[in-house]
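Accompanying notes for the structure given below.
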Amino acid sequence: LDQDSGQPRSDEEVKRAQYYRSQFEALNISHSRSTILMDFQHLREYDDLLADAVVDKYFRLEPYIKNALSSIYVRYIQDGSLENIDRKDIWVAFYNLPKVLKVR
């Protein structure tokens, strides 16, 4: 997305925006679903510095990421309406990461 206008810059970005919007719409339909799947390479192409921060400091950034996802959900899916807000915890699961780390 263009960082000034928020509008997609290319056909590929339009497809990506539709992909993520469809995930948010699915959250609105399914009350049991609460996770957005994000291709890490999309994040890397959008902002390399942010992608590095997510890899290096995910647990520190996680509350901010969840808050941003929740705000997007309210703004775009619930049309910014403050009435009957379904304020749900929204999680992100990244795939296509550059490296795999063992949890323990």
Side-chain angles (χ1 to χ4, degrees):
L1 298 177
D2 182 68
Q3 292 185 1
D4 294 325
S5 69
Q7 298 299 315
R9 291 182 288 210
S10 68
D11 289 341
E12 183 64 32
E13 286 186 357
V14 169
K15 289 178 187 176
R16 288 180 191 170
Q18 290 170 340
Y19 169 72
Y20 292 111
R21 183 170 182 96
S22 70
Q23 288 193 60
F24 277 101
E25 289 170 351
L27 292 177
N28 198 37
I29 294 169
S30 171
H31 294 289
S32 63
R33 184 169 178 214
S34 62
T35 303
I36 296 291
L37 301 175
M38 178 173 278
D39 186 335
F40 187 79
Q41 294 308 312
H42 292 169
L43 179 62
R44 169 93 45 218
E45 290 169 14
Y46 178 74
D47 189 329
D48 200 39
L49 187 60
L50 177 60
D52 288 341
V54 166
V55 168
D56 295 338
K57 300 175 183 174
Y58 178 76
F59 291 108
R60 183 170 182 216
L61 296 174
E62 182 183 32
Y64 302 101
I65 293 169
K66 288 178 62 180
N67 189 23
L69 292 172
S70 186
S71 294
I72 291 168
Y73 177 74
V74 169
R75 183 173 179 188
Y76 294 106
I77 302 305
Q78 294 188 337
D79 297 323
S81 173
L82 296 178
E83 296 177 20
N84 302 322
I85 289 179
D86 181 14
R87 197 75 174 179
K88 62 194 310 181
D89 280 338
I90 299 175
W91 301 85
V92 64
F94 290 101
Y95 65 93
N96 208 9
L97 289 157
K99 57 187 171 185
V100 177
L101 303 173
K102 292 184 179 181
V103 176
R104 286 190 188 193

>> I need the minimum non-hydrogen distance between Asp47 and Leu50, along with the two atoms involved.
In response: OD1-N, 3.1 Å

>> Tell me every residue that passes side-chain contact (heavy atoms from CB on, under 4.5 Å) with Gln18, counting only those two or more places apart in sequence or in another chain.
In response: Val14

> So which heavy atom on Val92 is nearest to which on Leu69, and how close?
Replying inline: CB-CD1, 3.8 Å

>> Are Phe24 and Leu27 packed together at the side-chain level, in the sense that at least one heavy-atom pair is separated by less than 4.5 angstrom?
In response: yes

> Which atoms form the tightest heavy-atom contact between Tyr20 and Ile36, and what is the distance?
Replying inline: CD2-CG2, 4.4 Å

> Is Glu45 close to Arg16 at the side-chain level, that is, under 4.5 Å between some pair of heavy atoms?
Replying inline: yes

>> Between His42 and Tyr19, is there a side-chain donor-acceptor contact under 3.5 Å, judged purely by atom types and distance?
In response: no

> According to a 4.5 Å side-chain heavy-atom criterion applied to Ile, Leu, Val, Met, Phe, Trp and Tyr, with indirect links allowed, do Phe59 and Ile65 form part of one hydrophobic cluster?
Replying inline: yes

> Sub-3.5 Å donor-acceptor pair from the side chain of Gln41 to the main-chain atoms of Asn96, do we have one?
Replying inline: yes

>> Is there a side-chain contact between Trp91 and Lys66 in this structure, where contact means two heavy atoms from C-beta onward sitting under 4.5 Å apart?
In response: yes

>> Run the salt bridge (Lys or Arg N to Asp or Glu O under 4.0 Å) test against Glu25 and tell me which residues pass, sequence neighbours left out.
In response: Arg21

>> I'd like to know if Tyr95 and Leu43 are part of one continuous hydrophobic network [Ile/Leu/Val/Met/Phe/Trp/Tyr, side-chain heavy atoms within less than 4.5 Å].
In response: yes

> What pair of heavy atoms forms the shortest contact from Ile90 to Ser70, and how long is it?
Replying inline: CD1-CA, 4.0 Å

> Which residues pass the salt bridge (Lys or Arg N to Asp or Glu O under 4.0 Å) test with Asp52, sequence neighbours left out?
Replying inline: Arg44

> Quick one: does Ser71's side chain have a donor or acceptor within less than 3.5 Å of a partner on Asn67's backbone?
Replying inline: yes

> Hey, does Gln23 have a side-chain heavy atom less than 4.5 Å from the side chain of Arg33?
Replying inline: yes

> Considering all heavy atoms of both residues, which atom of Phe40 and which atom of Ala51 are nearest to each other, and what is their separation?
Replying inline: CZ-O, 3.4 Å

